[in-house]
Amino acid sequence: KVFKKNLPAVLEFSKKWLKSSDVYTVRFGMGCLMNYFLDEDFLPEYFDLILNVNMDDYYIKMMKAWYFATALAKQFDFAINIIKENKLDQWTHNKTIQKAIESFRIPSDIKAQLRTMKR
């Protein structure tokens with residue numbers, strides 16, 4: 001509840017957390033962007049914040065996949081370009097598609113489209 005009431009501060013802290021060298025701090029920052037900034041407070045440039053995280057760690061890659069799978073459910077018109085333009089490494093790209101296909105929030109016609117986009 002506190003975060004929801006203080007979104008500008010959460011955004012600034014999330015940007016700092018994404019620059020941390022600690023995996024779980026970065027993951028937390030990504031989670032904050034996913035939980036609080038994919039709905040009415042969404043801006044397409046938030047995708048760049050996630051894309052610019054370059055840690056080769058399983059938990060970071062999984063969080064990126066979870067973030068973009070959620071983005072496909074909530075901001076499809078913007079998020080599909082991340083997939084179409086191959087902006088994710090192969091593992092994260094395919095895991096994003098897998099998680100989106102497993103989601104109940106993604107319509108079946110979109111799931112069929114996503115299946116053809118695996119690398």
Side-chain angles (χ1 to χ4, degrees):
K1 289 182 179 183
V2 172
F3 277 22
K4 193 72 172 160
K5 291 179 183 177
N6 296 289
L7 288 178
V10 172
L11 180 60
E12 290 311 308
F13 275 107
S14 293
K15 289 177 181 178
K16 278 199 262 189
W17 294 329
L18 293 177
K19 294 176 183 172
S20 173
S21 60
D22 180 69
V23 168
Y24 297 102
T25 301
V26 174
R27 191 175 189 279
F28 183 75
M30 295 168 83
C32 286
L33 288 174
M34 180 179 73
N35 291 323
Y36 300 106
F37 297 97
L38 280 177
D39 292 309
E40 62 273 357
D41 295 302
F42 170 76
L43 293 174
E45 54 261 28
Y46 296 156
F47 285 173
D48 291 331
L49 296 173
I50 302 297
L51 290 170
N52 288 331
V53 173
N54 292 317
M55 296 174 97
D56 190 34
D57 178 88
Y58 171 82
Y59 294 103
I60 296 297
K61 288 176 153 186
M62 187 59 88
M63 190 66 209
K64 272 188 185 182
W66 187 15
Y67 176 89
F68 285 111
T70 303
L72 284 165
K74 294 183 172 195
Q75 299 293 338
F76 180 80
D77 292 337
F78 296 102
I80 193 62
N81 291 324
I82 301 298
I83 302 300
K84 285 181 179 177
E85 296 170 10
N86 294 315
K87 291 191 174 187
L88 300 168
D89 65 84
Q90 183 176 346
W91 188 91
T92 309
H93 175 97
N94 289 336
K95 188 59 76 173
T96 298
I97 291 171
Q98 176 189 333
K99 293 178 89 42
I101 289 169
E102 292 169 353
S103 173
F104 293 112
R105 297 183 287 181
I106 306 279
S108 56
D109 60 319
I110 300 297
K111 289 179 182 183
Q113 177 186 359
L114 289 170
R115 282 186 184 94
T116 68
M117 301 173 87
K118 280 200 167 193
R119 298 192 303 204

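- Residue pairs that meet the ring-ring contact (aromatic ring centres under 6.0 Å, His included) test with at least one member in residues 79-119, sequence neighbours left out, are Tyr58-Trp91.
- For Thr70, the side-chain hydrogen bond (donor to acceptor under 3.5 Å, both in side chains) test picks out no residue, with sequence neighbours left out.
- Summarising the geometry, atom CZ belonging to Phe68 is positioned 12.0 Å from atom CD1 belonging to Ile80; distances are rounded to the nearest 0.5 Å.
- Put simply, OG1 on Thr96 and CE on Met62 are 9.5 Å apart, with the number rounded to the nearest 0.5 Å.
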N/O donor-acceptor pairs under 3.5 Å from side chains in residues 48-57, not counting sequence neighbours:
from	atom 1	to	atom 2	distance (Å)
Asn52	ND2	Asp48	O	3.0
Asn54	ND2	Asn52	O	3.4
Asp56	OD1	Lys61	NZ	3.1
Asp57	OD2	Tyr59	N	2.8
Asp57	OD2	Ile60	N	3.4

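- The CD1 atom of Ile82 sits 6.5 Å away from atom CG of Leu88, with the distance rounded to the nearest 0.5 Å.
- For the atom pair Leu38 CG and Leu43 CG, the distance stands at 11.0 Å (nearest 0.5 Å).
- Just one residue in the list Phe42, Phe37, Phe78 forms a ring-ring contact (aromatic ring centres under 6.0 Å, His included) with Phe47, and that residue is Phe42.
- Residues in residues 30-47 take part in these salt bridge (Lys or Arg N to Asp or Glu O under 4.0 Å) pairs, two or more places apart or across chains: Lys4-Glu40, Asp39-Lys74.
- Separating the CG atom in Leu72 from the CG atom in Asp77 is a distance of 10.5 Å, to the nearest 0.5 Å.
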Please set out all donor-acceptor pairs under 3.5 angstrom arising from side-chain atoms of residues 25-36, sequence neighbours excluded.
from	atom 1	to	atom 2	distance (Å)
Thr25	OG1	Asp22	OD2	2.8
Asn35	ND2	Gly31	O	3.0

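- For Glu85, the side chain to side chain contact (heavy atoms under 4.5 Å, CB included) partners are Asn81, Lys87, not counting sequence neighbours.
- In this view, Lys1 satisfies the side chain to side chain contact (heavy atoms under 4.5 Å, CB included) rule with no residue, not counting sequence neighbours.
- Among residues two or more places apart in sequence or in another chain, the side-chain hydrogen bond (donor to acceptor under 3.5 Å, both in side chains) test is passed with Arg105 by none.
- Applying the salt bridge (Lys or Arg N to Asp or Glu O under 4.0 Å) test to residues at least two apart or on different chains, none of the pairs has a partner in residues 93-104.
- Residue pairs meeting the salt bridge (Lys or Arg N to Asp or Glu O under 4.0 Å) criterion with at least one member in residues 9-19, sequence neighbours excluded: Glu12-Lys15.
- Applying the side-chain hydrogen bond (donor to acceptor under 3.5 Å, both in side chains) rule to Asp89 yields the partners Thr92; only residues at least two apart in sequence or on another chain are considered.
- Atom CG in Leu114 sits 11.0 Å away from atom CG in Asn94 (nearest 0.5 Å).
- Contacts of Asn86 classified as side-chain hydrogen bond (donor to acceptor under 3.5 Å, both in side chains), with partners at least two apart in sequence or in another chain: Arg119.
- Of the possible donor and acceptor atoms, none in the side chain of Ser20 sits under 3.5 Å from a partner among the backbone N and O of Trp17.
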